[in-house]
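A short write-up of the structure that comes next.
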Number of protein chains: 2
Amino acid sequence: MPSSPTRAEQRAASARRILDAARAEFAAHGYESTTIRAVAARAGVDPALVMQHHGSKAALFRSAARLDAVTSEEVGSHLDDVVASRVAGLPPELHALVRSMLTVPEATDAMREYLDDRVANLARSTPGPDAELRAALTVCAILGLTLGRHFLRLGALEQGSAEDVSRVARAWLAARSEDAEPPEDRPED
Amino acid sequence: MPSSPTRAEQRAASARRILDAARAEFAAHGYESTTIRAVAARAGVDPALVMQHHGSKAALFRSAARLDAVTSEEVGSHLDDVVASRVAGLPPELHALVRSMLTVPEATDAMREYLDDRVANLARSTPGPDAELRAALTVCAILGLTLGRHFLRLGALEQGSAEDVSRVARAWLAARSEDAEPPEDRPED
DNA sequence: TCATCTACTCATCGCTTGTTGAGCCAACCT
DNA sequence: AGGTTGGCTCAACAAGCGATGAGTAGATGA
């Protein structure tokens with residue numbers, strides 16, 4: 001049997017369970033509809049403990065929806081890998097962020113910063129006129145695809161297997177872009 | 001000077017001001033963050049009057065974000081017109097609906113129903129394999145464009161004039177449906 | 001072993017929310 | 001003119017929220 005955990009271990013375990021619970025709740029219901037009480041219940045702790053760990057609901061959301069680890073995420077370097085990754089599913093912290101990006105100003109800002117960065121990167125490897133605009137269209141198309149499949153659950157996008165949707169989406173995005181597409185790319189979304 | 005308005009006129013005027021105020025508040029802050037008190041204040045009436053008119057906050061949102069008039073909207077019959085319309089700006093009731101589509105289940109359902117319909121229509125005039133999937137990609141791309149320009153306010157999409165963005169977006173979309181495009185289309189989004 | 005420290009809970013506060021019912025006042029009808 | 005209707009407001013309620021501070025129990029270290 002495992003010996004009783006040390007106090008630091010216990011603390012860390014609680015911290016992670018609280019953060020996981022917060023990500024799940026924020027991802028499922030959005031910022032406003034998520035209550036500290038619900039997060040605490042899911043984590044199996046007292047609501048006051050959540051406050052002790054994070055200080056406020058806003059700070060908890062900031063920690064739960066952090067973008068830091070996402071930038072250098074599992075997302076591959078090629079645009080096709082990004083599409084495949086987004087079609088397969090979103091990591092919990094991104095899910096929480098996207099869920100609230102239209103209703104929480106701070107989330108809107110974070111998402112804009114994140115996407116603007118992706119647009120700038122993609123535009124750098126996009127030749128021809130209106131490079132930035134067209135890069136933005138690609139980024140927004142992937143965003144729309146993500147929303148349609150995982151949040152709105154559109155029939156045409158939800159039913160297909162990840163492989164099918166991913167394949168068609170990649171072909172659709174690549175269409176007629178005889179202008180771009182160097183062999184090595186930067187991470188995009 | 002105008003004679004004192006009749007009781008029915010007064011009632012109708014209040015009803016419209018309440019509905020306009022509700023649309024503006026829901027569009028700006030989303031369902032959860034919008035309060036009956038804020039709607040009433042914007043309309044210049046007592047909160048209780050809002051309740052008397054609509055019965056509940058949920059019913060008010062249902063009335064404010066109605067899709068009925070949108071389906072046969074100003075949106076033209078050609079896909080290009082839809083793009084131009086979406087780039088130019090959203091009507092208030094659609095704005096309110098989109099704002100809350102990720103956080104309010106009923107809004108999610110309404111949006112799914114709306115977009116699924118658009119996908120089905122567009123798929124009907126899309127030749128080749130994976131017609132429905134590719135139609136869904138087009139619809140989601142326009143959704144993403146709308147979000148990027150009016151809600152997330154991405155730099156690349158917000159700065160450009162409506163004409164420029166619309167023109168580049170139409171060309172970008174046309175390149176991705178080179179096989180389709182009969183001269184006359186059905187209304188899409 | 002015993003005092004201390006700390007992770008955690010309990011009870012509760014103040015506030016805001018949606019919602020309600022009683023009451024007021026001007027328009028209405030005869 | 002005078003009783004009645006109805007649009008509207010006022011005051012308040014119950015519920016749920018985020019947040020706080022005191023208290024408890026068990027691990028910790030000398």
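Computed over heavy atoms, backbone and side chain alike; hydrogens, waters and symmetry mates excluded. Chain A is the first sequence line, chain B the second, and so forth, proteins listed ahead of strands; every chain is numbered from 1. The shown structure was predicted, so the numbers you read here are calculated from the model rather than taken from an experiment.
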> What string of B, S and - do you get for nucleotides 8-16 of chain C, 5' to 3', when a contact is any protein heavy atom under 4.0 Å?
Replying inline: BBB------
Rounded to whole angstroms, how far apart are [atom1] on [X] and [atom2] on [N]?
X: B:L60; N: C:dG18; atom1: CG; atom2: P; result: 10 Å
X: A:M51; N: C:dA7; atom1: CE; atom2: P; result: 18 Å
X: A:E32; N: C:dT17; atom1: CD; atom2: C1'; result: 13 Å
X: A:Y31; N: D:dC17; atom1: OH; atom2: C1'; result: 11 Å
X: A:K57; N: D:dT20; atom1: NZ; atom2: P; result: 15 Å
X: A:E25; N: D:dG18; atom1: CD; atom2: P; result: 11 Å
X: B:R7; N: D:dG6; atom1: CZ; atom2: P; result: 7 Å
X: B:E9; N: D:dG6; atom1: CD; atom2: C1'; result: 16 Å

>> Using a heavy-atom cut-off of 4.0 Å across all strands, would you classify A:T34 as base, sugar-phosphate, or nothing?
In response: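 The answer is sugar-phosphate, as A:T34 gets under 4.0 Å only of primed atoms, P, OP1 or OP2.
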>> So, using salt bridge (charged side-chain N to carboxylate O under 4.0 Å, His left out) as the criterion, who are the partners of A:D20 when residues are at least two apart?
In response: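 Testing A:D20 for salt bridge (charged side-chain N to carboxylate O under 4.0 Å, His left out), a comparison that skips the adjacent residues, returns none.
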>> Could you check whether any side-chain heavy atom of A:L152 comes within less than 4.5 Å of a side-chain heavy atom of B:L143, counting everything from C-beta outward?
In response: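 Side-chain contact under 4.5 Å: yes.
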> Are any non-hydrogen side-chain atoms of A:V104 and A:F26 less than 4.5 angstrom apart?
Replying inline: no
> OP1 or OP2 of C:dC28 less than 4.0 angstrom from a side-chain nitrogen or oxygen of B:T6, does that happen here?
Replying inline: yes
>> Under 3.5 Å, is there a donor on one side chain and an acceptor on the other for B:R86 and B:H150?
In response: no
> Does A:R170 CZ have over 12 foreign heavy atoms under 6.0 Å away?
Replying inline: yes
>> Quick check on the 6.0 Å ring-centre criterion: do A:F61 and A:H54 meet it?
In response: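 Judged by ring-centre distance (under 6.0 Å), A:F61 and A:H54 do not meet the cut-off.
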